[in-house]
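Notes to accompany the following structure.
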Amino acid sequence: MKTPVTESISAADSRGAYLSNTEMQAIFGRFSRAKAGLEAARAFAANSKAWSEAAANSVYQKFPYTTQLQGSQYASTPEGKAKCVRDIDHYLRTISYCCVVGGTGPLDEYVIAGLSEFNAALGLSPSWYVAALEFVRDNHGLSGDVAGEANIYLSYAINALS
C-alpha cells in the first residue's frame with residue numbers, strides 16, 4: 001500500500017541507495033503529522049455511527065427521492081436506510097485508515113479502484129456519497145491539526161467521487 005514512508009523507502013531501495021534528504025523530509029513530515037492522524041482516526045472510531053446517521057439524514061433531505069424509490073438500495077424502507085448508513089460508514093472507516101497510514105492508499109485500493117463498477121451494479125449515485133462526505137467534513141466538530149488531517153482524506157474522497 002502506498003504511503004509517504006513506503007514510497008520513500010521503495011524509491012531508495014530501487015536505486016540501491018540510502019534515503020536522500022528529500023525522502024527523509026517526506027518521512028519526517030509524515031511522522032510529525034502522525035499524532036494528528038491517529039487522533040483523527042480515533043475521532044472517526046468514536047463518532048462514525050453518529051456521523052453516518054447524520055450524513056444519511058442530510059442526504060435524504062438533499063435528495064428526497066431516495067426515500068421514495070423502491071428497492072433495497074434506497075432509503076424507502078428501514079432496511080434501505082440501514083444500508084445507506086452502513087455504506088457511508090464504510091467510507092468513513094476507510095478514510096480513518098488513511099489517517100492512520102498517512103496516505104490515500106486505502107481509498108485508492110479498496111474504494112476508488114472499483115467504484116464505477118460498484119455504483120453501476122447497485123444503481124447508486126456518487127453524488128449521494130459526495131453530499132454525505134461533505135456533510136461530515138463540514139460538521140465533524142474537529143479542530144486544529146486533527147481536523148486538517150481528517151479533511152485531507154475527506155476532500156480526497158469527495159474529489160474522487162466528483
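What you are looking at is a predicted structure, and each value in this text was computed from that prediction instead of being measured.
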TODO: Look at atom OH of Tyr65 and say whether more than 12 heavy atoms of other residues, nucleotides or ligands are closer to it than 6.0 Å.
DONE: yes
Task: Heavy atoms from other residues, nucleotides or ligands near CG of Asp138 exceed 12 (cutoff 6.0 Å) - done: yes
Output the distance between atom [atom1] ([X]) and atom [atom2] ([Y]), rounded to the nearest 0.5 Å.
| X | Y | atom1 | atom2 | value |
| --- | --- | --- | --- | --- |
| Ser52 | Arg86 | OG | CZ | 11.5 Å |
| Glu109 | Thr94 | CD | OG1 | 11.5 Å |
| Thr66 | Lys81 | OG1 | NZ | 8.5 Å |

What I'd like to find out is whether the side chain of [X] reaches to under 4.5 Å of the side chain of [Y], using heavy atoms alone.
| X | Y | answer |
| --- | --- | --- |
| Cys98 | Tyr156 | no |
| Ile95 | Leu133 | yes |
| Asp87 | Trp128 | no |
| Ile27 | Phe31 | yes |

Open item on the list: Using the ring-ring contact (aromatic ring centres under 6.0 Å, His included) criterion, which residues pair with Phe44? Sequence neighbours excluded.
Closed with: Trp51
Open item on the list: Please enumerate all residues that pass ring-ring contact (aromatic ring centres under 6.0 Å, His included) together with Tyr60, with sequence neighbours excluded.
Closed with: none
Task: Cluster check Ile88, Val85: I/L/V/M/F/W/Y, side chain < 4.5 angstrom - done: no
TODO: Following the transitive rule for hydrophobic clusters with a side-chain heavy-atom cut-off under 4.5 Å over Ile, Leu, Val, Met, Phe, Trp and Tyr, establish whether Val59 and Leu69 coincide in one cluster.
DONE: yes
- [ ] State which residues pass side-chain contact (heavy atoms from CB on, under 4.5 Å) with Ser162; sequence neighbours excluded, sorted by chain then number.
- [x] Val130, Ile158
Open item on the list: According to side-chain contact (heavy atoms from CB on, under 4.5 Å), who are the partners of Ala147, at least two apart in sequence or on a separate chain?
Closed with: His140, Leu142, Asn151
Can you name the side chain to side chain donor-acceptor pair (under 3.5 Å) partners of [X], sequence neighbours left out?
| X | value |
| --- | --- |
| Ser10 | none |
| Glu134 | none |
| Lys49 | Glu53 |
| Ser48 | Asp89 |

Task: N/O donor-acceptor pair under 3.5 Å between Ser58 side chain and Ala132 backbone - done: no
Open item on the list: Closer than 3.5 angstrom, by distance alone: can the side chain of Thr104 be matched with the main-chain N or O of Leu107 as a donor-acceptor pair?
Closed with: no
Determine which pairs satisfy salt bridge (Lys or Arg N to Asp or Glu O under 4.0 Å) with at least one residue from [range], sequence neighbours left out, and list them in order.
| range | value |
| --- | --- |
| residues 10-27 | Arg15-Glu23 |
| residues 148-161 | Arg30-Glu149, Arg33-Glu149 |
| residues 54-79 | none |
| residues 153-162 | none |

Task: Closest heavy-atom pair and its distance - Tyr153, Gly102 - done: OH-C, 3.1 Å
